[in-house]
> 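So that we are looking at the same thing, I have put the structure below in structure tokens.
Fair warning: this is a prediction, and the values are worked out from it, not measured in the lab. Each chain gets a letter, A, B and so on, in the order the sequences are listed, and its residues count up from 1.
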Amino acid sequence: MATLPIVQYEDKIIETVENNSITVIIGETGSGKSTQLSQMLHRRGYSKIAVTQPRRVAAVSVSRYLTDGVLLRESLADPELNDYSVIILDEAHERSLNTDILMGLMKRLVKHRSSNLKVLITSATLDGDKVSKFFRDCPVLNIPGKLYPVEILYSKERPVSYLDAALKTALDIHVRQPEGDILIFMTGQDDIEKLVSKLEDKVRALDEGSCMDAIIIPLHGSLPPELQVRVFSPPPPNCRRIIVATNIAETSLTVDGVVYVIDSGYVKQRQYNPSSRMYSLDVIQISKVQANQRSGRAGRTRPGKCYRLYPSQIYHDEFLDVTVPEIQRSSLAGSVLYLKSLDLPDIDILKFDFLDSPSSESLQDALKQLYLIDAIDENGAITSIGRKMAELPLEPSLSRTLMEANNYGCITEALTVAAMLSTESALLPGKSKTEKKRKRPISSLPDGSGLGDHIQLLQIYERWHQTDYDIGWCKDHGLQVRGMTFARDVRKQLSQIMQKIAKEPLDIKENGKGEEFRRDYRNLRKALCVGYANQLAERKMHHNGYRTLGLQGQVVQVHPSSALSSDEHGKFPDYVVYHELIATPRPFMRNVCSVEMKWVIPIINKLNTLNVKKLSGGGVMDHVEEESERSIPDLPKKNVEVAAATDDSESRIQAARERFLARKANK
DNA sequence: GAGCACTGC
């Protein structure tokens, strides 16, 4: 095996690490740097090395490989991370949410920790200087990769359709260029399927013997693993592979034999808008780092070529240098709760030293959400419930639901719901526009008893449990095996953590009684209502649209895929909680659960007491505008008490509700 | 009555 270039730099690296607490190492992915680094440090007497990555990778003997998330969890139990003398943050250029938080923590830790700590940060090119500046001008070492040169070819102008441009370019390469596989970067399953079918038609139409054969291979995350691994088998002789992929082939999967890369210049990216609390999935231009990562895929085995379907001027002028870090496009409730739970002295969360700070709006949004679910008090201090919630690797709403479910005796069910929601999108099979109808009707699965998606997810899992976790059953019902087994693993882990948090042993059964019919799931739904106090919506008076409670009160619809059913008048329930808001051309609530008005009232009262200034540390924020939560129903106190005190008298509640709606209508 | 990049604990 050829010597990896990094070894030539061993002395220099060791010298730098010995003289500095933090070192940035810049090297192309595939330079073998993370494994080599830990081995070389080990040789020089450093033991207790942690290597963390955004994704799971196979373990390497001399060091602990961890994910960023695992190291964050460990730092909860041991804030000084005394188990480690060296921490290597690998692939920092990917800027995952957890990597960014770790970088902030590392900066503090090297200053505060009593015993010596060495931190190495490895990153691809372009953003090294910035990282160095963040760590007080720490040294930067450049390690050349073992990549072969890649010739970059730009288009003269932006194509009208990058799908057609990719098609034409791929055929051109196939007919004219010497052997070597082609890797095409597209944005999603839909694009990929269209391009694959066009390519198949065109390749079939080529004159026999005019050029070599070609096989077209789609590659994206929702393909079952057995189809994904196809890219690892080499092509038959005299045959070229054309792989049409999402950015899964940018970092997660390395395809050997690629000599030509075609880069559409686009990627699909999920973003969070803190002012509307909505997620959207948008097609956006890639960054320069991503473009170079993509072209690098052509030079792994021999010199290659990268065809960029955009002009060089666009690359230089329009592409961002680096991908917008996840921390600037996610909801931060979980991260803020995590940081609060660390009890960092002299640190205001809003002033936490991030490499790239999230907006103050986003941080305030997180604080408001945490307050509504009792994780922090009105002064922004973490509560005892919040402390327990932070132990769970879940979104705060789900952690809070688990806490509450524990009191209501439905922890068994709540664990299942939390686990199923963690895998959520991976659950149902990818079904694209080009694909035909589902093989098996979804109706053969439980329907959530009309109460919504959380309940349906629970019932599906319970049904699966009854089959003794039969893989065949998943396949028969169109459920992704990967998603279901992941849910099972998560559930197991969550129940272990819950057992640890609770002082007394919990009554967690492996599953519910399975009598899903006639169950009204009241306790579970009540727990969900408390957990999702920040994600509540009220149905509008005369139709099935909803208005979210809090903030500007967005008008949203129940997502058409929902299991929630309407009553005999075609009406949805008056109140629901939702797992997330998604901004497609129309805004939808995805994963909803029916809740009752009398559970909602205390939450509305709490919404009325919300004071952002106090939450964010009493005027520490310089530019906080007086925020009004005006769309919160201004329920007169008298009515609230009447309704809350009334037990199950539906008519009284109805009366209170009518007064409440009338008041809203007058505003 | 619409749509799902990626990962993962």
> Which nucleotide, dC9(B), dA2(B), dC4(B), lies nearest any side-chain atom of V490(A)?
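In terms of side-chain proximity for V490(A), the closest of dC9(B), dA2(B), dC4(B) is dC9(B).
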> Whole-Å distance between dC9(B) P and E74(A) CD?
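In whole Å, dC9(B) P and E74(A) CD are 12 Å from each other.
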> Which whole-number value in Å describes the distance from D68(A) CG to dC9(B) C1'?
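After rounding, the reported distance stands at 13 Å.
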> Report the nucleotide, chosen from dC9(B), dG1(B), dC4(B), that has the shortest atom-to-atom distance to any side-chain atom of P393(A).
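Among the listed nucleotides, the one closest to the side chain of P393(A) is dC9(B).
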> Please tell me which of the listed nucleotides, dC9(B), dA5(B), dA2(B), lies nearest to the side chain of N247(A)?
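Among dC9(B), dA5(B), dA2(B), the one nearest the side chain of N247(A) is dA5(B).
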> With a non-hydrogen cut-off below 4.0 angstrom, is G69(A) in contact with a base, only sugar-phosphate, or nothing?
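It contacts nothing in the nucleic acid.
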> CD1 of I582(A) versus P of dA5(B): gap in Å, rounded?
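Taking atom P of dA5(B) as the reference, CD1 of I582(A) is at 12 Å.
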> Base, sugar-phosphate, or nothing: which does I248(A) touch, judged by heavy atoms less than 4.0 Å apart?
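Sugar-phosphate only.
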> Fit a plane to each ring of Y279(A) and Y272(A), take the angle between them on a 0 to 90° scale, and name the class: parallel (under 30°), tilted (30 to 60°) or perpendicular (over 60°).
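Y279(A) and Y272(A): tilted rings.
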> Could you check how far OH of Y338(A) sits from P of dC9(B), rounded to whole Å?
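Spelled out: OH on Y338(A) to P on dC9(B) is 14 Å.
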> Does a side-chain N or O from T67(A) land closer than 4.0 Å to OP1 or OP2 of dT7(B), or not?
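No, outside the criterion.
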> For V267(A) and N98(A), find the nucleotide of DNA chain B closest to each by heavy atoms; which residue's nucleotide sits nearer the 5' end?
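Final value for this comparison: V267(A).
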> It should be established whether S96(A) places a side-chain nitrogen or oxygen under 4.0 Å from OP1 or OP2 of nucleotide dT7(B).
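Answer no for this pair, as no side-chain N or O of S96(A) is under 4.0 Å from OP1 or OP2.
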> To the nearest Å, how far apart are E193(A) CD and dC4(B) C1'?
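Computing the E193(A):CD to dC4(B):C1' distance gives 12 Å.
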> Within this structure, what is the CG-to-P distance between L219(A) and dA5(B), rounded to whole angstrom?
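Atom-to-atom, L219(A) to dA5(B), this comes out as 13 Å.
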> Please list, chain by chain and in numerical order, all residues satisfying side-chain hydrogen bond (donor to acceptor under 3.5 Å, both in side chains) with D78(A), sequence neighbours excluded.
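side-chain hydrogen bond (donor to acceptor under 3.5 Å, both in side chains) check on D78(A) returns nothing, list empty.
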> Taking only the side-chain heavy atoms of H220(A) (C-beta and beyond), determine which of dC4(B), dA2(B), dC6(B) contains the nearest atom.
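Minimum distance to the H220(A) side chain belongs to dC6(B).
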> Specify the separation, in whole Å, of atom CG of D191(A) and atom P of dG3(B).
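For the pair D191(A) CG and dG3(B) P, the rounded distance is 15 Å.
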> Please work out whether the ring planes of Y532(A) and H454(A) are parallel, tilted or perpendicular, with thresholds of 30° and 60°.
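Perpendicular.
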> Looking at every strand, decide which applies to T584(A) at a 4.0 Å heavy-atom threshold: base, sugar-phosphate, or nothing.
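The residue T584(A) makes sugar-phosphate contact but no base contact.
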> With heavy atoms under 4.0 Å as the rule, sort R73(A) into base, sugar-phosphate or nothing.
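No contact.
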> Starting from P on dG1(B), measure out to CZ on R590(A) and report it in whole angstrom.
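In whole Å, dG1(B) P lies 19 Å from R590(A) CZ.
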> D68(A): what forms a salt bridge (charged side-chain N to carboxylate O under 4.0 Å, His left out) with it, not counting sequence neighbours?
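Once residues adjacent in sequence are excluded, D68(A) has no partner under the salt bridge (charged side-chain N to carboxylate O under 4.0 Å, His left out) criterion.
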> I want to confirm an ordering. Mapping T187(A) and F486(A) to their closest nucleotides on DNA chain B, which one lands closer to the 5' end?
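The residue mapped nearer the 5' terminus is T187(A).
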> For Y310(A) and F319(A), take the angle between the two ring planes, folded into 0 to 90°, and tell me which bin it lands in: parallel under 30, tilted 30 to 60, perpendicular over 60.
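Aromatic pair Y310(A)/F319(A) classed tilted.
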